[in-house]
Amino acid sequence: MTIGSDLEVVDMDVVLDLRGLDALIRVLAQDGRVVVGPVLRDDAITLAELGSADDLPGGWGVETGPGHYRVRRREDEAVFGHSAGPQSWKRFLHPPRRALLSSDGTGFHAAPESPVSYAFFGVRPCDLAAITKLRQVVGGPAPFVVAAQCTEPGEVCFCSSMGCGPGAGSGYDIALTERVDGDGHRFLATSGTEEGAAVLTRVPSRPAARHDVELADRDVAAAAGRMGRSMPEVDLRDLLAANRDSAHWEAVAERCLTCGNCTMVCPTCFCVSVEDRTDLDGNAERAQRWASCFEIDFSYLHGGAVRTSGASRYRQWMTHKLGTWHDQFGTSGCVGCGRCIAWCPAGIDITEEAAALARTGGGRP
Amino acid sequence: MPTIAVWKFTSCDGCQLTLLDCEDELLPLADQVHIAHFLEVTGASEPGPYDISIVEGSVTTPEEAERIRWIREQSAMLVVVGACATSGGVQALRNFADVDEFRSIVYASPEHISALDTSTPISAHVAVDHELRGCPIDRGQLLEVITALLAGRAPDLPDTSVCTDCKRRGLTCVMVSRGTPCLGPVTHAGCGALCPAVDRGCYGCFGPMTRPNAPALVPLLKRTGMSDDELELVFRTFNANAEWT
Amino acid sequence: MTSWVPTPCRVVERTVETHDCVTLTLRPVTGSLPAFRPGQFAMLYAHGVGEIPISVSGIPADGTLVHTVRAVGAVSRALHDAAPGTVIGVRGPFGTAWRLDGVEDLLVVAGGIGLAPLRPVLGHPSRRTVLVAGARTPEDLLYAGDLLALSDVDVVLTVDRGGHDWHGRVGFVTEPLASIPLDPERTTALLCGPEPMMRFCARTLLGRGVPAGNIQVSLERSMQCGIGLCGHCQLGPLLVCRDGPVTGYPEAEPLLLAKEL
Amino acid sequence: MTHRANRTLQVAGLARVEGEGALHVRTTGGRVDEVRLDIYEPPRFFEAFLRGRNFREPPDITARICGICPVAYQMSACQAIEDACGVRVGGQLRALRRLLYCGEWISSHALHVYLLHAPDFLGFPDGIALAAADRATVERGLRLKKAGNRIMDLVGGRAIHPVNVRVGGFYRVPAPEELRGLTGTLREALYDALATAEWVAGFEFPDLDVPHDLLALREDDGYPLDRGTPHVSTGIDFPVSEFGDHVVEHQVPHSTALHARLDDRVFLVGPLARYSLNSDRLSLIAREAAAAVGLGTVCRNPFKSIVVRAVEIVYAIEEALSIIDSYERPEVPCVEVHPRAGTGHGATEAPRGLLYHRYDLGADGRVLAADIVPPTAQNQTAIEDDVTRVVRAHQHLDDHALQSLCEQTIRNHDPCISCSAHFLDFSREGT
Ligand SMILES: Cc1cc2nc3c(=O)[nH]c(=O)nc-3n(C[C@H](O)[C@H](O)[C@H](O)COP(=O)(O)OP(=O)(O)OC[C@H]3O[C@@H](n4cnc5c(N)ncnc54)[C@H](O)[C@@H]3O)c2cc1C
Ligand code: SF4
Ligand code: SF4
Ligand code: SF4
């Protein structure tokens, strides 16, 4: 499989209807991929294997806010008319638990690699950026990516101020832009790789007219102006480096539950802890599981944890996300998907906290 | 073979039963260890010392306070299991009430009932090596402690919120998506987020994690419709005696 | 994922150093490991118990690895107890090494087990080396006999608590640092020990005119992978397993001063 | 020495029972003077601290009375509170409750049959020793137990102290596919259960024919489990609400343990009572299994309770399969229950017998008073009576053998001493 990156841009836009969309899912599955996309489940739009376009959450939208998420009926039957949900593609690229190796005491054996090859269906631009950032750290085989450009940002979204949306940047094989209007329910499809182009030739479509492309561009451009939030326009890396000793961390700590929800829902948070397991026959297994810098033992050194206060743990998370990620990986760790805002039970808002730091200036020297 | 002893204090037997609920592992385990005392399973009882003692239940009588000291002396490793043993359990509700009155509610001749005024965790009496939380404990965690001790490694018992497990499981947060009050953000992990998995908010049966920020959770619980009375009750149930704040 | 899989190595020699420290010599069961440089570390895996970062405390030319381990918890205890013949898993080399290019006078300051990663830099015939090593008690001093035998090194030992038969210094390592003769401009100082110790020592040296850029420290954070994947070893902008453990003091100081970083 | 006329038997720590108890027997000149089942399980004051709690809490709180039969406590509590609030849970929600209860019966009975009771008949000190001699058999028992636990895990969210039970129903009701996932396991378990019945029927049973009145629930549509009307072997019936008028607890002079009498007579609850009053209500395979192992329509030998339990396992599996088969997901996971002032009663058949709960609620939904009568409390007089009969009939045995037989007699009733809401006794004769 080719890597879903900006290898070669093949300009061959087409328009699919729902039937075409369904065919696209089936073609991807026929080629042996597990197609994962949004579904309505447990009062939320989560990610699960798709069998057909019927599995998509047609007609469902969401209402989000700090510490708040509700699904709601839409007026149209749009399938991608919802912003980021409780799950991200991280679950598939970097599963919550993964076996690493086994040991019998004299030999060590790598755990088998997962044979699954994924097609991610309906990846929002923020998440597309997140996939790139995450894979930069954890590696692994590239998924086939069908992006869905964002025409409907939510209340907690701020991808445009992170430079990660609402248009799909690089990294997709196919990008879709959905539109429901008097002319029907349709998807403008653009291929980003040769493989994407080849797949598109196998589904029923009509060539895209200039009008289709213009409408899509307009919808996406309009979305940029409808983000519920934005990051302050300062150099975040400098801001956080300068605010290591800010009194503001204590103020956040009063509200922060140190529950770790923000890190778990974040599509780029990659930290893991290693667990050792032994059975009664003397065999041992090592596995990794999602960890969170909010866990008290996360920073454990012999004798005790380094970061015990809530303030230091919140500072670690936010500083890493927006600041030191640049030092470590040359880019921001945040894509502006807004999940940490919506799924923080306390509704702590990373953009608000950044703004508060920016207001107080550089903090104490 | 290492010797294991299982002891019961004031409790419901549920945590001991968890050991018998390890249906697949029970007999293989019995091949690897020597069960020296486990009254629920066998009348055979051998004198100490024991390599591992597993203690269920809280201390509620003078006799129990004595007995736990003896067990500690006899045991190289003391593992206390369950909310009763780690925080005093549901019976610690007496710690907030007048025990004489409790006695008279239940017994016609309360003067015969010799019980302490408090129900206290084992750690209030002797040093403990490992604590397994939960009412009841989790089967997987129990096996983890036993296999870890047999292998000489530190048991993996994460001291973190239920939320982390909830998220690893891929559950949708009931508090955020439905407004259901949930103690997950302050409750010690270990159950695997059982309650959110059945659309219920966590009710804290694993007790508080280290440094829980309950004061920050309280307004959220209120916002989701809990009354002050309910708030008081929810922290005062299975781990009433634990440090929630 | 192969980067997670250790190379099986056999303990070929086990030397008891102190009541809780041993030095293990390891040889790959088959093949060889890439060469380690002083200051780098390996992830050592004790079967069924776990894996921890341990520095190289000696780099023989025969393809073996030398590590000194202090038993403080389950994994270090298991490694400490590993008898000759035991198979241990090794991954590495990881992290940065002490920067020794162009070094004129070398000042090595170690606290406790911190001496282990510094031992490989001692005894280089072409440079003047001063070693200041501290420990809690005389019994805790690592390699004491070997150190005094090193001909090219001036050795200053100090302990927190002496005994009847201890005739050496008593006190913190900072004390001799304040007085030993040194030429600040020519001196390169390598520090390894508890964070407060490294801070105080660096302060003392800065006070004596040693340029901050000439001071290197070895940092310590929780590490579960050694390869920049687990995130536990973050210290501000650093991933200590990758950007450390050896770090220049100008870079490290603000990080060491921040509370709970 | 073994035939001496005056002797005192003292079993300080009764093994293979749930909770902690002791047995004290004194005979003089061949006459049995005293038999006392001492319960030294410390009191936990459940009824006291239930006062003032919210009416939604008793199912979770009272579950903690007993880790062996938490579902029984939850079911009796729900029923009593729903009764107080004028709600009756029916249809698929009731079926799910029954399914959950089947899980508990299977698991609890399998535990008792294989690990606690069978070793008595086969001369082993415990189930572990039995496994050393006959691993395959004990593995079969564990398989059965696991099948029961799987039902509780799935329907209840957890096998011990299920989290999914609430007043009015459940928090989440499973999808039919989820339940069907159990079918394979349960079909296999049915074979294991039939083999169990056959196995235990082959044991040797001491003669004992108890004359006690038998008390169990009885209902129209099946073997009693989650509801029914109290029915006595003397032919009388009474509504659950009159339980307290018939079953009266009192303190006996030599002990502080509460004993109960039914209309002032010694009585028995549990498998023997349930079976003898309801054998006509068994499902097809269970009825055949009972016939095949020679269990008549009435069984009054407590030693044979192990056979009855095996038959009840068969029943519970069959019932579980049939519930799963006709299951449809209810529209709502629970019916709404609004508190109101009043009193409610609930009785269900715990594995060990009838378990009664009564709650007085205030208009604001607070519990004003609670009364819980667990089966072991009801059986205590009958158990002591059984031991008296056994000692009288087996005076020729040496102390050791007699003691073992006494213990076995107690274990016939699978006494659950942890269900200690009521009873306690610290005073013991020191001989
Ligand atoms: C770069 C580096 C080099 C080191 N070199 C040496 C050496 O040469 N000799 C030596 O004896 N020790 C060395 N240590 C310290 C050694 O790694 C710890 O003592 C060890 O991890 C303790 O693990 P434990 O399981 O025995 O103890 P516990 O205290 O039970 O630790 C439990 C777990 O916490 C983590 N942890 C605890 N303490 C540390 C720590 N100090 N550093 C990293 N992770 C920790 C580990 O994952 C460990 O398994 C070094 C540490 C680092 C970071
Ligand atoms: S910011 Fe919110 S989600 Fe993150 S740890 Fe704090 S309370 Fe939890
Ligand atoms: S449901 Fe409860 S446990 Fe799960 S994430 Fe939400 S608050 Fe935490
Ligand atoms: S979610 Fe909370 S109440 Fe439920 S089982 Fe887990 S710890 Fe107990």
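This structure is a prediction, so every number in the text was calculated from the model and none was measured. Protein chains get the first letters and strands the later ones, always in sequence-line order, with residue 1 at the start of each.
Chain B forms more heavy-atom pairs under 4.5 Å with one residue of D:Arg56, D:Arg166, D:Arg158 than with any other, namely D:Arg158. Residue with the most contacts toward chain B among D:Val138, D:Asp60, D:Ile61, D:Val173: D:Asp60 (heavy-atom pairs, distance under 4.5 Å). Of the residues considered (D:Asn149, D:Ile128, D:Asn54), D:Asn149 shows the highest number of contacts with chain B, using heavy-atom pairs under 4.5 Å. If you tally non-hydrogen atom pairs under 4.5 Å between each of D:His161, D:Glu57, D:Arg135, D:Glu139 and chain B, the highest count goes to D:Arg135.
Counting heavy atoms from C-beta outward, B:Ile35 and D:Asp126 have side chains that stay 4.5 Å or more apart. For the pair B:Leu93/D:Phe45, no side-chain contact is recorded, criterion being any heavy-atom separation below 4.5 Å from C-beta on. Looking at D:Met152 and B:Asp21, their side chains never come closer than 4.5 Å, going by heavy atoms from C-beta outward.
The closest donor-acceptor contact from the side chain of B:Arg200 to the backbone of D:Val163 lies under 3.5 Å.
When the heavy atoms of residues 25-34 of chain B are compared with those of chain D, the residues falling under 4.5 Å are B:Leu26, B:Leu27, B:Pro28, B:Ala30, B:Asp31, listed by number. Listed by sequence position, B:Cys135, B:Pro136, B:Arg139 are the residues of residues 133-140 of chain B in contact with chain D, using a 4.5 angstrom heavy-atom cutoff.
Residue B:Phe96: no heavy atom, backbone or side chain, is found under 4.5 Å from chain D. With a 4.5 Å cut-off on non-hydrogen atoms, D:Asp153 touches chain B through its side chain but not through its backbone. B:Cys15 does not touch chain D: none of its heavy atoms, backbone or side chain, sits under 4.5 Å away. Neither the backbone nor the side chain of B:Glu63 comes within contact range of chain D; no heavy atom of the residue lies under 4.5 Å from a heavy atom of that chain. In this structure, chain B has no heavy atom under 4.5 Å from any part of D:Arg143.
Listed by chain and residue number, D:Ala147, D:Arg150 satisfy the side chain to side chain contact (heavy atoms under 4.5 Å, CB included) test with D:Thr185 (two or more places apart in sequence, or in another chain). With sequence neighbours left out, B:Arg69 forms a side chain to side chain contact (heavy atoms under 4.5 Å, CB included) with B:Ala65, B:Glu66, B:Val126.
We find the OG1-CG distance between B:Thr42 and D:Leu130 to be 11.5 Å, quoted to the nearest 0.5 Å.
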